[in-house]
Structure formats: structure tokens, C-alpha cells
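Reviewing the structure listed below.
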Amino acid sequence: MFLFLLLLCASRSGESLPSGDGVPMDTSDLNRESFPEGFLFGTATSAYQVEGETHQDGRGPSIWDAFVKIPGKIANNATAELTVDQYHRYKEDVDLMQNLNFDAYRFSISWSRIFPEGTGKINWNGVAYYNRY
Ligand SMILES: *[C@@H]1O[C@H](CO)[C@@H](O)[C@H](O)[C@H]1NC(C)=O
């Protein structure tokens, strides 16, 4: 069984975290051994939010590319054309995950990167990108 714990903030053992009711939770005894055998600590991303490179290397348009261009839909007219540029910087991201001692990484695939026309023709640059991880 694979379980993922998305760490929204780094917490060292011994620090107090809010428990949800505003009362600090004592985490002094919390560590990896507090979790069942085989529990995987990991992180996750969404392709649209991290990849960037939306109009190059053979990727086709997605419904999100069109949606974010509708005035008033996205704060500050933000798009995913650059984001954190994981398309080019994935090695740095994998190094960061290793340095943080994560066991797992859940990522999503931008299907318009694989099938730029929706169906049929395959963009092998996109396939190669996901195979490089
Ligand atoms: C977002 O786009 C609209 C329409 O083009 C423009 O009027 C507005 O100034 C832009 N906002 C920002 C934060 O760039």
C-alpha cells in the first residue's frame, strides 16, 4: 500500500504545530518511526502547475491554456508558460527530493504534451521528457 504525506511545511521534531483547533500539538515524539512499517513519505505535483514550457517542444494546447487567458479567471493574469520550469529543471527538483529524504514522488502527465492534437499523433519529445525522470 502506498501512502503519500504531502508536507506543506517542514517540521522538525520538537516543534509545535497547530492541531486544527488552534491548540499547539506536541510533536516532540513524532518521527519516521511513528508511522507504520513501509509508510512512504513523499510529495506531489501537478504537471500544469510545475512544468512550464507550454508552447514548445511539441506540446499541444490544453483546456487550461485557454481558460487562464479568460480575463478575471486567474489572479494577476498568471499562466503556466514558465511556472517553476520543471520541464528543464527536473534534475534539481529530484535532487531536492532526495536531499529532503523523500521516498516517493507523485507527478501527473500533461496529456497534451504526449498527444498534441488530442489523439493520434504522438509527440516523442514529450514521451522522452517523462522517461528522463
Ligand atoms: C490582466 O489583464 C487585463 C486584461 O488584459 C488587464 O486589464 C489587467 O491590467 C491585467 N492585470 C495584471 C495584474 O496584469
Side-chain angles (χ1 to χ4, degrees):
M1 174 192 265
F2 293 93
L3 296 173
F4 293 94
L5 178 64
L6 179 60
L7 299 177
L8 296 175
C9 60
S11 168
R12 284 184 303 242
S13 183
E15 291 180 349
S16 291
L17 295 172
S19 63
D21 56 7
V23 179
M25 192 169 72
D26 180 12
T27 59
S28 58
D29 293 332
L30 186 64
N31 58 46
R32 282 190 174 231
E33 284 70 45
S34 308
F35 292 82
E37 177 85 22
F39 189 94
L40 299 179
F41 287 85
T43 189
T45 60
S46 156
Y48 194 76
Q49 294 171 341
V50 298
E51 284 182 4
E53 199 76 5
T54 54
H55 299 298
Q56 291 161 29
D57 223 10
R59 182 184 175 281
S62 78
I63 57 170
W64 272 102
D65 296 324
F67 180 79
V68 301
K69 295 272 167 53
I70 300 170
K73 293 295 184 189
I74 303 292
N76 303 317
N77 301 329
T79 71
E81 287 165 23
L82 182 59
T83 66
V84 294
D85 196 21
Q86 191 171 75
Y87 192 77
H88 295 110
R89 302 180 67 182
Y90 67 93
K91 282 184 183 166
E92 292 169 63
D93 292 341
V94 170
D95 285 347
L96 284 170
M97 289 182 256
Q98 257 180 337
N99 291 340
L100 290 167
N101 209 19
F102 284 134
D103 306 308
Y105 173 47
R106 198 282 308 161
F107 63 95
S108 68
I109 290 173
S110 168
W111 288 106
S112 58
R113 191 176 295 292
I114 305 292
F115 295 106
E117 295 163 9
T119 58
K121 186 184 137 216
I122 295 172
N123 172 29
W124 291 104
N125 290 334
V127 174
Y129 166 66
Y130 291 112
N131 280 334
R132 283 195 292 271
Y133 266 95

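Start at 1 and go down the list; that is how both ligands and their atoms are numbered.
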Sub-3.5 Å donor-acceptor pair from the side chain of Asn76 to the main-chain atoms of Ala78, do we have one?
no
For Ile63, look at atom CD1 and say whether over 12 heavy atoms of other residues, nucleotides or ligands are found less than 6.0 Å away.
no
Provide the closest heavy-atom pair for Ser112 versus Pro61 in the form atom of the first, atom of the second, distance.
CB-O, 3.7 Å
Would you give me the side-chain donor-acceptor pairs under 3.5 Å for residues 93-102, sequence neighbours excluded?
residue : atom : partner : partner atom : Å
Asp93   : OD2  : Gln86   : NE2          : 2.8
Asn99   : ND2  : Asp95   : O            : 3.4

Take Thr83 and Gln49 through the side-chain contact (heavy atoms from CB on, under 4.5 Å) test and state the conclusion after the steps.
CA-CA 6 Å; Thr83 66; Gln49 294 171 341; 5.8 Å; no
Answer yes when Arg59 and Glu51 have at least one side-chain N-carboxylate O distance shorter than 4.0 Å, and no when they do not.
no
Heavy atoms under 4.0 Å from ligand 1: which residues qualify?
Asn76, Asn77
